[in-house]
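Here is the structure we will look at, set down as structure tokens.
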Amino acid sequence: MSAQHETSSHLQVELGERSYPIDIGQSLLDSHELLAGAISGKRVAIVTNTVVAPLYLERLTKTLQAAGKQVIPIVLPDGEQEKNWESLMKIFDVLLAEKCDRQTTLVALGGGVIGDLTGYAAASYMRGVPFIQVPTTLLAQVDSSVGGKTGINHPLGKNMIGAFYQPLAVIADTTTLNTLAPRELSAGLAEVIKHGCITSEVFFSWIEANVGRLVAREPAALAYAIQRSCEIKADVVRQDEREGGLRAILNFGHTFGHAIEAGLGYGEWLHGEAVGCGMVMAADLSQRMGFIDEATKQRIAAVVAAAGLPTVATRMDAGRWIELMQVDKKAAGGKIKFILLKPLGTPVITTVPEELLRATIAACSS
Ligand code: NAD
Ligand code: GLY
């Protein structure tokens with residue numbers, strides 16, 4: 001694939017009456033046709049945080065006001081550790097104090113934390129109000145804003161409280177990525193690599209060849225990675241919205257990753273960093289299971305490293321790893337299910353012998 005990709009695209013998540021568009025492009029925060037077109041009521045509550053608000057809240061507010069909307073800002077503290085019950089209550093406090101009714105649309109302006117929180121607030125407020133995702137991190141643009149998983153963390157497990165609740169639209173302004181910290185850009189690349197690993201060796205090879213351009217934020221490369229990721233995710237979600245089976249493949253690297261996040265304390269490692277390292281661990285386990293060869297495992301570790309992500313986990317007692325992984329939503333009857341590769345580009349959902357799991361934990365942490 002050449003460097004000449006379009007920098008804007010329009011996709012659709014096909015879910016019958018819950019279908020919605022994804023628009024990806026530059027300066028979409030200024031597009032009142034797009035934003036107002038997705039909002040039918042007059043009142044809009046923009047949920048954002050203290051980092052994103054100074055960057056983009058005023059701009060989005062002006063765009064919506066120009067389209068005749070009344071805007072209520074809700075600015076939360078920043079960080080994964082804020083993806084909790086208290087933040088959810090802060091959203092409800094403002095919505096109730098402002099007498100927001102069922103026609104009020106919630107707009108999530110921010111990364112995956114704001115998207116997940118806002119979506120869950122929208123699913124619960126008055127038993128459901130409309131919401132729109134305006135993702136501003138790479139991770140949110142390639143993954144979390146699409147598919148309707150919303151929720152918060154519990155101290156005993158990541159994303160354990162939540163709901164499936166689809167947005168009415170996803171509007172991804174790729175120019176917002178210019179202000180993203182390099183570490184956060186890398187975190188988003190983890191989910192791009194994940195999409196290649198689980199569905200397409202061709203896309204994985206494209207990432208391998210273009211990872212330098214992605215890290216350098218070349219607009220055409222980023223736009224292609226976002227578009228291809230959204231296509232892949234939309235296709236999986238179309239087939240299995242509520243994770244009856246297939247959708248679990250989107251958790252490649254996450255069983256290990258969630259254990260890293262919960263084990264070290266949310267916010268210590270970024271979610272994408274934990275997923276990056278988790279994918280290296282899942283590749284190691286796939287190789288121990290005889291599903292992929294050593295060279296493929298090394299390719300995955302190399303692209304994760306080239307994306308600026310960690311490939312070795314912080315040492316934790318193996319028993320603690322296993323305890324944390326048993327809290328995973330895919331676990332059933334205490335048996336941990338892993339998403340592994342058999343081969344690269346094809347996922348398999350399986351249990352594994354405990355001695356192989358312990359070998360992976362020992363080999364991939366220090
Ligand atoms: P995040 O939301 O914490 O954002 C990362 C950091 O970047 C934050 O400090 C944020 O304030 C800041 N930021 C956001 N936009 C910015 C911009 N344009 N410029 C500068 N700074 C900006 O983290 P994230 O990586 O976007 O999302 C991670 C969360 O997403 C996790 O909670 C994870 O569980 C969740 N997630 C959900 C899904 C899903 O399907 N719902 C999928 C993947 C991840
Ligand atoms: N990020 C996993 C999912 O959306 O299913």
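Because the structure is a prediction, the values reported are computed rather than measured. Quick note: numbers below take in every heavy atom, side chains included, and nothing from hydrogens, waters or symmetry partners. Throughout, residue positions are numbered sequentially from 1 according to the sequence presented. Remember, it's 1-based here, ligands and their atoms both numbered in the order they're listed.
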Determine whether a donor-acceptor pair (N or O, by modelled atom type, separation under 3.5 Å) exists between the side chain of [X] and the backbone of [Y].
X: Ser19; Y: Leu15; answer: yes
X: Asn49; Y: Val52; answer: yes
X: Asp173; Y: Gln26; answer: no
X: Lys69; Y: Gly41; answer: yes

Are [X] and [Y] side-chain neighbours, meaning at least one heavy-atom pair lies under 4.5 Å?
X: Ile74; Y: Lys90; result: no
X: Arg228; Y: Ser9; result: no
X: Val352; Y: Leu340; result: yes
X: Asp143; Y: Lys194; result: yes
X: Leu177; Y: Ile226; result: yes

When you compare ligand 1 with [X], is there at least one nitrogen or oxygen pair between them that comes in under 3.5 angstrom?
X: Asp116; answer: yes
X: Arg247; answer: no
X: Thr150; answer: no
X: Gly112; answer: yes
X: Val113; answer: yes

Which bit of [X] is near ligand 1, meaning a heavy atom under 4.0 Å away: side chain, backbone, both or neither?
X: Ser144; value: both
X: Thr136; value: both
X: Lys149; value: both
X: Asn159; value: side chain
X: Leu180; value: both

Protein heavy atom at shortest distance from [atom]:
atom: atom 6 (C) of ligand 1; result: Glu184 OE2, 3.3 Å
atom: atom 12 (C) of ligand 1; result: Val51 CG1, 4.1 Å
atom: atom 33 (C) of ligand 1; result: Lys158 NZ, 3.5 Å
atom: atom 40 (O) of ligand 1; result: Lys233 NZ, 3.2 Å
atom: atom 1 (N) of ligand 2; result: Asp143 OD1, 3.5 Å
atom: atom 28 (C) of ligand 1; result: Leu139 CD2, 3.7 Å

* If you draw a 6.0 Å radius around CD in Gln326, do more than 12 non-hydrogen atoms from other residues or ligands fall strictly inside? -> yes

Counting from 1, what ligand 1 atoms have a heavy atom of [X] closer than 4.0 Å?
X: Tyr56; value: 18 (N)
X: Val52; value: 11 (O), 13 (N), 14 (C), 15 (N)
X: Asp78; value: 8 (C), 9 (O), 10 (C), 11 (O)
X: Thr179; value: 17 (C), 18 (N), 19 (N), 20 (C)
X: Glu80; value: 29 (C), 31 (C), 32 (O)
X: Lys83; value: 31 (C), 32 (O), 33 (C), 34 (O), 35 (C)
X: Leu55; value: 19 (N), 20 (C)

* Asked: Are any of the N/O atoms in His254 less than 3.5 Å from those in ligand 2?
  -> no

* Asked: What orientation do Tyr224 and Phe203 show, parallel under 30°, tilted 30 to 60°, or perpendicular over 60°?
  -> perpendicular

* Measure up the Phe256 and Trp321 rings against each other and bin them: parallel (under 30°), tilted (30 to 60°), perpendicular (over 60°). => perpendicular

* Side-chain donor-acceptor pair under 3.5 Å between Tyr56 and Thr179, yes or no? -> yes

* Are a donor atom and an acceptor atom from the side chains of Glu231 and His195 found within less than 3.5 Å of each other? -> no

* Structure fact -> Near Lys149 (heavy-atom distance under 4.0 Å), the atoms of ligand 2 are 2 (C), 3 (C), 4 (O), 5 (O)

* Closest to atom 18 (N) of ligand 1 among Asp173, Thr176, Thr48, Leu185 (heavy-atom distance) -> Thr176

* Structure fact -> Note: heavy atom closest to atom 43 (C) of ligand 1, options Asn49, Thr137, Asp143, belongs to Asp143

* Looking only at non-hydrogen atoms, find the nearest pair between Val71 and Leu64 and report the distance. => CG2-CB, 3.8 Å

* To do: Quick one: closest heavy-atom pair of Trp269 and Cys277, and the distance?
  => CZ3-CB, 3.7 Å

* Asked: Any non-hydrogen atom of Lys233 lying under 4.0 Å from ligand 2?
  -> yes

